[in-house]
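Read the structure below first, then the notes.
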Amino acid sequence: MTELDPRTPEGIAALARLARLALDPEEARAFGDHMGRMLRWIESLPPARPDLGEALAGPPRRTLRADRVRPSLPPEESLAGAPERAAGGFRVPAVLPGE
Amino acid sequence: MSARAQILGRYELVVGMEVHAQLATQSKLFCGCAVGFGGPPNTRTCPVCLGHPGTLPVLNAEAFAMVHRIALAFGADVRDATEFDRKNYFYPDLPKGYQISQLHHNVGGGDGREGGRLQLLRSGKFVRMHNVHLEEDAGKLLHLGDGGSVVDLNRAGTPLAEIVTYPDLRSVEEVDDFMDTLTEVLLALEVCRCRMQEGNLRFEASVSVRPRGAEFLGPRTEIKNLNSYAAVRRAVAYEFARQVALLEAGASPRQETRLWDPEEAVPYEQGVPPARRADPALLASLLPEVEGGWRGRTQFMRAKEDAHDYRYFPEPDLPPYAVAPEQLDAWRTSLPELPGARRARYAEELGLPQKAAEALTRERGLAAVFEQLLALEVPAAAAANYVLNPLQAALKERGLSPAESPVSPERLAELHSLIEEDNGLSRDLVFKQVWPRVLDEGLSPREAVAKYGIEGASSDAVVAATDAAWAENPRAVRDLLAGKKKAAGAIVGAVMKRLRGQADPRAIHARIAELLAQTRGED
């Protein structure tokens, strides 16, 4: 199998499966066009990520944090954006293994 | 040879392991929420681990150190710089729609680098490590049975060390040996609590089968949902039988992910084309014989994803992390003596029986008590005995770890002195009358002796009682004179009975030896 190319119908179908989206042929064509345009824009950008050596050059930066517990959100706030709730959690349609 | 053994003997089992070890940090990998088990759902979450837009992850220094210590313990080629990747997939327990993991610049091994190895404790075999990397855990799903599921994100963002081996294991026994060895190493490193029942150590087995003697690797199935050591052993045995049944029927296993179902007895192949289904009767005949009948099966979950299905790309929210050579050296030199090395030292240098050496190194903390007793000049054999018998039994009864022991090593050493001194206190007496008071009342052994006036039988009493038992047991005396040393037991028993267990058996044996010498002299 080759890399997924979202500009091909097969690539769009595979991406839709991984994203658990059911696309009809019309939508698949439209998404293919959109993705193709987006990819062309992205490809026109210079590579944003330097290699590891380059990224690590220069003065050291403090990028780690100490292993200390900080207060969590009250559950009410954690669940504020939940479309539906049940038993203290976010309720979602069941996705069972293998689906 | 049974038909089962004949068929299975034509094939070789090949197993590789993928292990997820939750690191024993206080807080999560990229945020300050507490790491824990259980509790009300969604009470240990924040905007970072909920995946809210606009938040940024900040790496936990302790998790970073722990995963390096694991890689160094295997002797892996550890990188001087590491970075993270996004692994993209959609599942409701993954709030961001991607997992922060490592694919290319992982901590140890991978990409052709040396991953190190692990020597199995029982067989001595070396298992090669492919790589060790750091990643975040997902949340948990509770299926409601009404078409809905509840998402609990308390676990989301917990630091995980993923440890991947080469397919070097060849039997269920070796898989078991691997799990025990790795558990002991992780406990010794103090990087994981290793409680499978709490999900903080999770094994996945990649199983394939090939004709015995073949060099190639067959297509492998990855088995998930293995939540106990027994489940791993049974699932691997089942999968071996299933794949052999397929090959025997001229079909071939395929690369796929299967779920272990511990309860069901019937092979279940929904979603698998008939040509790829194992014949149930043949499969059943190849399963190990188990009292009460075999239970458990693997069931098809999905065809295996390829790495590109996850569309990995470098994590833009985290910088690369350099590890200074001095830091690596500091981690390397602070590694504890690992259980394999410690066990070998106990057996070879201290002369302990293999079983005692194993028992002392199996539970974290027992060896520390043992080492302290050695430092207090208690001989190794006696020290091992105190730790593995009275102390371990008392800890088990109270549900305590060795670190929480109510009796300090100093008091155990004092107990040893009390037994060894010529004070009439036998070992039995000390353990029956002194030990419970040391345990329950927090007294030192000598304080317990003084407070309760515990004393052994006087030497005169022992001599008198032994002489009486000698006279009352002519048959035992005859046997002793004929060289049957075991016959002394009857006399010792009689003396103990007479003195209500308060005599020191060593004193009784000494008197018996005198009586024997006298009797022989008279003859």
Side-chain angles (χ1 to χ4, degrees), chain A residues 1-6 11 14-21 35 42 47-99, chain B residues 25-27 31-35 40-47 49-50 52 58-64 81-83 88-92 105 141-153 224-225 257 259 271 299-302 305-306 308-311 314 316 318-322:
Chain A
M1 216 193 282
T2 53
E3 288 280 336
L4 298 174
D5 184 346
L15 279 175
R17 178 181 62 78
L18 293 170
R20 303 183 195 286
L21 295 173
M35 299 282 270
I42 291 166
R49 192 170 188 87
D51 68 30
L52 263 183
E54 239 178 279
L56 291 165
R61 286 169 292 173
R62 173 114 196 110
T63 48
L64 298 169
R65 65 177 182 84
D67 180 27
R68 269 199 294 273
V69 173
R70 296 175 61 179
S72 293
L73 289 176
E76 190 53 34
E77 227 171 294
S78 294
L79 295 170
E84 273 188 84
R85 300 181 195 185
F90 303 81
R91 186 190 159 93
V92 296
V95 181
L96 296 172
E99 287 183 12
Chain B
T25 54
Q26 301 297 311
S27 63
C31 66
C33 289
V35 165
N42 298 298
T43 49
R44 297 191 294 271
T45 62
C46 73
C49 58
L50 288 169
H52 285 188
V58 187
L59 182 60
N60 182 332
E62 189 60 29
F64 193 61
T82 181
E83 68 178 345
N88 298 280
Y89 65 94
F90 288 99
Y91 207 66
H105 296 99
L141 283 178
L142 169 71
H143 298 299
L144 295 171
D146 64 353
S149 297
V150 172
V151 187
D152 172 11
L153 295 175
K224 293 182 179 291
N225 195 34
T257 303
L259 273 184
Q299 69 183 67
F300 175 76
M301 180 181 167
R302 58 170 184 248
E305 285 97 348
D306 287 307
H308 69 245
D309 278 352
Y310 291 118
R311 293 148 292 142
L318 290 166
Y321 295 90

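Residue numbers begin at 1 in each chain, while the letters A, B, ... track the order of the sequences. The structure displayed is predicted, hence computed values, not measured ones.
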If you count heavy-atom pairs under 4.5 Å between each of [options] and chain A, which one has the most?
{"options": "B:Thr25, B:Leu153, B:Leu141", "answer": "B:Thr25"}
{"options": "B:Asp146, B:Asn225, B:Leu144", "answer": "B:Asp146"}
{"options": "B:Gly147, B:Ala63, B:Cys49", "answer": "B:Gly147"}
{"options": "B:Leu59, B:Asp152, B:Leu50, B:Val35", "answer": "B:Leu59"}
{"options": "B:Gln26, B:Glu62, B:Arg44", "answer": "B:Gln26"}
{"options": "B:Gly145, B:Cys46, B:Pro41", "answer": "B:Pro41"}

CA sep, side-chain torsions, deciding dist, call: B:Ser27, A:Val69, side-chain contact (heavy atoms from CB on, under 4.5 Å): CA-CA 5 Å; B:Ser27 63; A:Val69 173; 4.2 Å; yes

Using a cut-off of under 4.5 Å for heavy-atom pairs, which of A:Gly81, A:Ala14, A:Pro75, A:Ala82 has the most such pairs with chain B?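 Heavy-atom pair counts peak at A:Pro75.
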
What part of [X] lies closer than 4.5 angstrom to a heavy atom of chain A: side chain, backbone, both or neither?
{"X": "B:Leu142", "result": "neither"}
{"X": "B:Asn60", "result": "both"}
{"X": "B:Pro40", "result": "neither"}
{"X": "B:Asn88", "result": "neither"}

Neighbour count above 12 (heavy atom, 6.0 Å) for A:Arg85 CZ: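 Above 12, so yes.
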
Can you confirm whether A:Leu21 sits close enough to B:Phe90 that some side-chain heavy atom of one is under 4.5 Å from a side-chain heavy atom of the other?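 No - every pair of side-chain heavy atoms lies 4.5 Å or more apart.
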
With a 4.5 Å cut-off on side-chain heavy atoms, are B:Ser149 and A:Val92 touching?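 SC-SC contact between A:Val92 and B:Ser149 confirmed.
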
What's the spacing between A:Thr63 OG1 and B:Tyr321 OH if we round to 0.5 Å?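 A:Thr63 OG1 to B:Tyr321 OH: 5.0 Å, rounded to 0.5 Å.
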
For A:Arg91, is it the side chain, the backbone, both, or neither that has a heavy atom closer than 4.5 Å to a heavy atom of chain B?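 For A:Arg91, the contact with chain B is made by backbone and side chain together.
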
Taking all atoms of both residues into account, what is the closest heavy-atom pair of B:Ala61 and A:Leu64, and its distance?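 So the minimum-distance heavy-atom pair works out to CB-CB, 4.0 Å.
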
Using a 3.5 Å distance criterion without hydrogens, assess whether the side chain of A:Arg65 forms a donor-acceptor pair with backbone atoms of B:Cys31.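 Side chain of A:Arg65 to backbone of B:Cys31, a donor-acceptor pair under 3.5 Å: yes, one is there.
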
Could you list the residues that satisfy side-chain contact (heavy atoms from CB on, under 4.5 Å) with A:Glu77, not counting sequence neighbours?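 Checked A:Glu77 against side-chain contact (heavy atoms from CB on, under 4.5 Å); matches are A:Leu73, A:Pro74.
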
